[in-house]
2 protein chains.
Amino acid sequence: MPRPRQPRLTRQLIVETATALIDAEGLPAFSTRRLAAELGVRGPSLYNHFATKDEILDAVADAVTGAVDTSGFASRDWAAALLDWAWSYRRALTAHPNIVPYLAQGPGRRPAALAMADAVYGGLVRAGWPPARATHIGAALRYFVAGSALGSFARGFVEDPELYAAHYPHLRQAHRLAEHQQSVDEGAFALGLDALLYGLAAEYARTVGAVESGRPNG
Amino acid sequence: MPRPRQPRLTRQLIVETATALIDAEGLPAFSTRRLAAELGVRGPSLYNHFATKDEILDAVADAVTGAVDTSGFASRDWAAALLDWAWSYRRALTAHPNIVPYLAQGPGRRPAALAMADAVYGGLVRAGWPPARATHIGAALRYFVAGSALGSFARGFVEDPELYAAHYPHLRQAHRLAEHQQSVDEGAFALGLDALLYGLAAEYARTVGAVESGRPNG
DNA sequence: GTCTATAAGTGGATAGAC
DNA sequence: GTCTATCCACTTATAGAC
C-alpha cells in the first residue's frame, strides 16, 4: 500500500533544485529560503533532510563531481585515459560553473571526489608512473580543468572596441573575444591539454618507458 | 571622542585592510561593516571613498593582479617569459587565495588585468605566434594558474589514515598529503607548467620556427 | 570626512503545533 | 514531514548632523 501522500521533498529533489538555482543565479544568491521557495515549501522544511546549508552544498558538489567519467583508466592507456578524463571533468564543471569555487576548495570528504582521485591515481600508478608523480599529474590536471571552468577568459572582455584601443595597444581586437567566447575557451583548453599531455608523454618515455620498455601501458 | 586631525581613511588603506581581511577570514566574511570595524571607523564612512562594496573588491583584485610581473616579455624569449610570468602570477594569487574566485570571473575592465593581458599577448605575437594561438596560450596559462591558486589539492585531504583506506584502495597514503601540502601543490604546478611549455615549444618548432627559422624570439 | 540613525531587507537556524 | 512563528545577528546603502 503506497503512502496516501508522497513527501514533497527528497534529498535528490533538493539537490537538483539547488543545482539549478546555483546555475541560474550564482552562489551568493543561494539561500535556504530561496531554495525552499523554489521547491514550494518554507525554509525550515529543508532541515528535515539536511542538517545545514553546507550539507546541501556538499551534496550539490558531489553530484557534479559524480558526473565525471573515469572509466578510461580501466581500459585505455594512461595518456588516452587522462585526455578522456580531463574533457569529461571539464564538461561536468562547465555545466555548473557557479559551484566551482565551492567545489574546488579540495576533494575533502566528498565520496565522488575521492572516488575520482582514487581512479586517476590508481590508473597512473598501474601504468608505471611513480606514486609521487601520479599525485602531481592528477593535481596539475585538476588545476587546469578547475581554472578553465572557473571563469571564462573570453567572457571577461566587453564588446566595446574603444575601451581597449586607447590604452592597451595589443588588445585592439579583444572586444571580438566576447563574440567567440565558447570557441576561444574550448580552443585554449584543447591547446593547453594537448601541450600538457605531450610534455607528460615525453617525460614518461624518458623515465618510466626507459625502464619498462615493451610493457603495454594499459 | 575628538575627531582626528588627519583623515583616517584613504583608498589605499582601505584596499590594504580589505585584502588582509579577505586573506584572514575569506570572501563570505567580508562585509563593509566588518571592514570598517577593522579600520576603526563605522560602515558608512567607507562610502566616502568607494561607491559600492564591489568597487572595493575590484580594487583589491586589481591590486593583487598588479603584483604580477610581465617584464620578461620585453627582454626574454617567449618561453622563458611565459615561465617567469606563470610563476609570478601564481605567487601573486596564492598570496591571496580567497580573492581568486572573484578575480577569476574575467579580466573585465580592471586596468592591471588588462595591462597583463596586453603584455602577454603582445609578447607572444612579437615572438611570431599567430594572434589566435597567442590568445589560446595566454588563456591556457591563466586557467592553470587560477586553478592552482583556487584550491590546494593537497589541503583537501584530511590527516586521518582510516578515512581513505576502507573505500579507496589507491588513496591509502593520501592522508600524508596534508603534511606536505605546499610541496605537493608546488610540485604539481611545476610539473604541469614544464610539460605545458614543453608541448608549446614543440608546436612552435613545428609551425612558427619552421617558417621564421633563424629569427631570434625576443 | 566621519558621525548617528535608520531604512528595508536577508541570513541560518530552532521550537513546537499539527 | 511540513507548518507557523520567531530569534537576532547581519547586510548594503542613504540622509543629514557636525
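Chain naming here is simple, since letters A, B, ... match the order of the sequence lines and numbering starts at 1 in each. Remember, predicted model here, so these are calculated numbers, not experimental data.
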Any side-chain donor-acceptor pair under 3.5 Å between A:D54 and A:T52?
-> no
Tell me yes or no: between the side chains of A:D69 and A:Y89, is some donor less than 3.5 Å from an acceptor?
-> no
Using atom [atom1] of [X] as one end and atom [atom2] of [N] as the other, report the distance to the nearest whole Å.
X: B:I14; N: C:dG1; atom1: CD1; atom2: C1'; value: 11 Å
X: B:N48; N: D:dA15; atom1: CG; atom2: P; value: 13 Å
X: B:L46; N: D:dT14; atom1: CG; atom2: P; value: 13 Å
X: A:L27; N: C:dT10; atom1: CG; atom2: P; value: 19 Å
X: A:L9; N: D:dT2; atom1: CG; atom2: P; value: 4 Å
X: A:H49; N: D:dT2; atom1: NE2; atom2: C1'; value: 9 Å
X: B:K53; N: D:dT14; atom1: NZ; atom2: P; value: 15 Å
X: A:F50; N: C:dA13; atom1: CZ; atom2: C1'; value: 16 Å

Tell me whether the OP1 or OP2 atom of C:dT10 has a side-chain N or O from A:S31 closer than 4.0 Å.
-> no
Would you please confirm or rule out a distance under 4.0 Å between OP1 or OP2 of D:dG1 and any side-chain N or O of A:S45?
-> no
Electrostatic pair A:R34:A:E25 at N-O distance under 4.0 angstrom = yes
Between A:R133 and A:E203, is the closest basic N to carboxylate O distance under 4.0 Å?
-> yes
Nearest to the side chain of [X], heavy atoms from C-beta on, is which of [options]?
X: B:R33; options: C:dT6, C:dA13, D:dT2; answer: C:dT6
X: B:Y47; options: D:dA13, D:dT2, C:dG12; answer: D:dA13
X: B:P44; options: C:dT4, C:dT6, C:dG12; answer: C:dT4

Sub-4.0 Å heavy-atom contacts from residues 34-42 of chain B onto DNA chain C, ordered by number | B:V41, B:R42
Among residues 15-23 of chain A, which contact DNA chain C at a heavy-atom distance under 4.0 Å?
-> none
Think A:R90 forms a cation-pi with A:F189, using NZ or CZ under 6.0 Å from the six-ring centre and within 45 degrees of its axis?
-> yes
May I ask you to establish whether B:R172 and B:Y164 are in a cation-pi arrangement, using a distance under 6.0 Å from NZ or CZ to the six-membered ring centre and at most 45° from the ring axis?
-> no
At what distance, to the nearest 0.5 angstrom, does [atom1] of [X] lie from [atom2] of [Y]?
X: A:R142; Y: A:I137; atom1: CZ; atom2: CD1; value: 15.5 Å
X: A:L193; Y: A:F144; atom1: CG; atom2: CZ; value: 6.0 Å
X: B:L39; Y: B:T32; atom1: CG; atom2: OG1; value: 11.5 Å

